[in-house]
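Report on the structure given below.
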Protein chains: 2
Amino acid sequence: MQDLHTEQNRQANIEETIVSGVLSARIRPGTRLSENQLATLFGVSRTLVREAMMRLETRGIVQVSPRRGWFVVEPSAEEAMTVYAARRVIESGLLRSMRGLTDDGRKVLDAHLDEEKAAMAAGDRRRLTCLMGDFHIRIAELHGNPILVEIMRDLTARTILISMLYQSEFHAAQSHRGHCRIFEAMAEGDFVRAAELSIEHLDEVETGLDLTARADPLSDLRTSLSLPADTASKTSRRSGARKT
Amino acid sequence: MQDLHTEQNRQANIEETIVSGVLSARIRPGTRLSENQLATLFGVSRTLVREAMMRLETRGIVQVSPRRGWFVVEPSAEEAMTVYAARRVIESGLLRSMRGLTDDGRKVLDAHLDEEKAAMAAGDRRRLTCLMGDFHIRIAELHGNPILVEIMRDLTARTILISMLYQSEFHAAQSHRGHCRIFEAMAEGDFVRAAELSIEHLDEVETGLDLTARADPLSDLRTSLSLPADTASKTSRRSGARKT
DNA sequence: CTTTTCTTGCTTGTATGCAAGATTTACATA
DNA sequence: TATGTAAATCTTGCATACAAGCAAGAAAAG
């Protein structure tokens, strides 16, 4: 079955493999994605890998550094804030435009929240990261608009990369409560409130990030040496990330 | 200056040339985009053209029909409704999240509305189509979130293709009034109202489309002959194009 | 005259080859 | 030991070659 899919559309396969790797928090930001390695890994030529990379680049998930290589994006602090702002806009708009919750939808979300709880109990951080993102994709799916689902999936992928970069400690319980509250409002049919809650929730998560520290990985050293902030040190910003 | 840009990044050049061709309503939906023709036109090999096409495909602007060719997308009636729904969600969310309008922003929108008026007076339909889309991109730009600007641009491109397919008569005056109302609300700082107005506006525009007629290009003939609607005639839809 | 089959040209799909920049390694030298 | 430099080895960028599918028209069969 998977062979079929592999045979049918190999470049889409590469693309989705990488995306799901990011969505499941198994691929770290800054990971080098060598065209040759991927080519041999998937049993194709560099051409198909390259095409997949092109697509992923327009989706904001990978980036090419000319003649140096492809890397999973490492969103800057500024980009991180942009992603969260976009999510607030889209998710609140999404919830606000919803008119009702089907029984099926109710079940889906309920099951999802149970999974979150289970992952929390198990202390499975990676799985939690994944689930926390999935919740929002589920909502987009309930809304039923495939364009918005796609957008939300890509934004969620970036969000996960952001959390891997900037999330010092994981306030999973807080996030989970946020999701529960949103769900309750939805279940009551109060989508205006759900929208407001989603904004609050995203604000909380964003505030929980350490957006000043990791924005400049030298800041620790810099502050220890009490040097001024150096705006021209962009070149060294990648040192620690690659060579998987 | 353009030579410089051409030399620097030729594939992005191809990509943006096509997008701006769509945004300015100079490229019709269903237009064939031959890799060879584009390659000679831009003086590059098929490789770069292909990479540009890959990017445009993930942006929802072109589509490949296997072994047949690349085409500018022809959104179905269903896809058209999806695009408008997505726009309602995003634009209303966008406006609702705005906190104020700078003097600069006020000027930009004011100038834009003047342009709309001028184009209406001149009866320049193509320019109007272009401006009507641009208005919404301007708002996203005012919001300042580059991610949302990108999303809005791609959705606007699709919207223009939709209007070329389904807009029998152009209610330009109505759209213009809608834009004016949104602007007034924004100028008054009433972004909640602006958001509501944007939803109304998009609803109006969508309602103005002929989403049933052109969904089946044979319907004219069919109704003239008073034949029943044929659900199995999907194959003959758009003689020259795809097979998805 | 209609239908079928075949052929030819055009399209994309994929792999490969080569050039050129970037990085690292090795090494000579102070 | 530290340092500067050159060579070797990576990387992507882009063009090209060839395979294979689709479509339309010609030729042949009915």
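Throughout, a chain's letter reflects where its sequence line sits, starting with A, and its residues are numbered from 1.
- A straight line from CG of B:Leu48 to C1' of D:dT16 spans 13 Å, rounded to a whole angstrom.
- What separates CD of A:Gln63 from P of D:dT12 is a distance of 14 Å, to the nearest Å.
- Partners of B:Arg46 by side chain to side chain donor-acceptor pair (under 3.5 Å), not counting sequence neighbours, listed by chain and number: B:Glu35.
- The CD1 atom of A:Ile14 sits 9 Å away from the P atom of C:dA15 (whole-angstrom rounding).
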- For each nucleotide in nucleotides 6-12 of chain C, reading 5' to 3', give B when a protein heavy atom comes within less than 4.0 Å of its base, S when such contact involves only the sugar-phosphate, and - otherwise. -----BB

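- Under the side chain to side chain contact (heavy atoms under 4.5 Å, CB included) criterion, A:Glu204 pairs with A:Gln174, A:Arg181, not counting sequence neighbours.
- Using a distance-only test at 3.5 Å, with no hydrogens or angles considered, no donor-acceptor pair links the side chain of B:Asp210 to the main chain of B:Tyr166.
- Residues meeting the ring-ring contact (aromatic ring centres under 6.0 Å, His included) test with A:Phe135, sequence neighbours left out: A:His112, A:His179.
- The shortest distance between the side-chain N/O atoms of B:Ser45 and the OP1/OP2 oxygens of D:dA15 is below 4.0 Å.
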Please list, one pair per line, the donor and acceptor atoms closer than 3.5 Å that link side chains of residues 151-158 of chain A to other protein atoms, with sequence neighbours excluded.
unit_1: A:Asp154; atom_1: OD1; unit_2: A:Arg59; atom_2: NE; d: 3.1
unit_1: A:Asp154; atom_1: OD1; unit_2: A:Arg59; atom_2: NH2; d: 2.8
unit_1: A:Asp154; atom_1: OD2; unit_2: A:Arg59; atom_2: NE; d: 3.2
unit_1: A:Thr156; atom_1: OG1; unit_2: A:Met152; atom_2: O; d: 2.6

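- Taking the side chain to side chain contact (heavy atoms under 4.5 Å, CB included) definition, one finds that B:Ser34 meets it with B:Asn36, B:Gln37, sequence neighbours left out.
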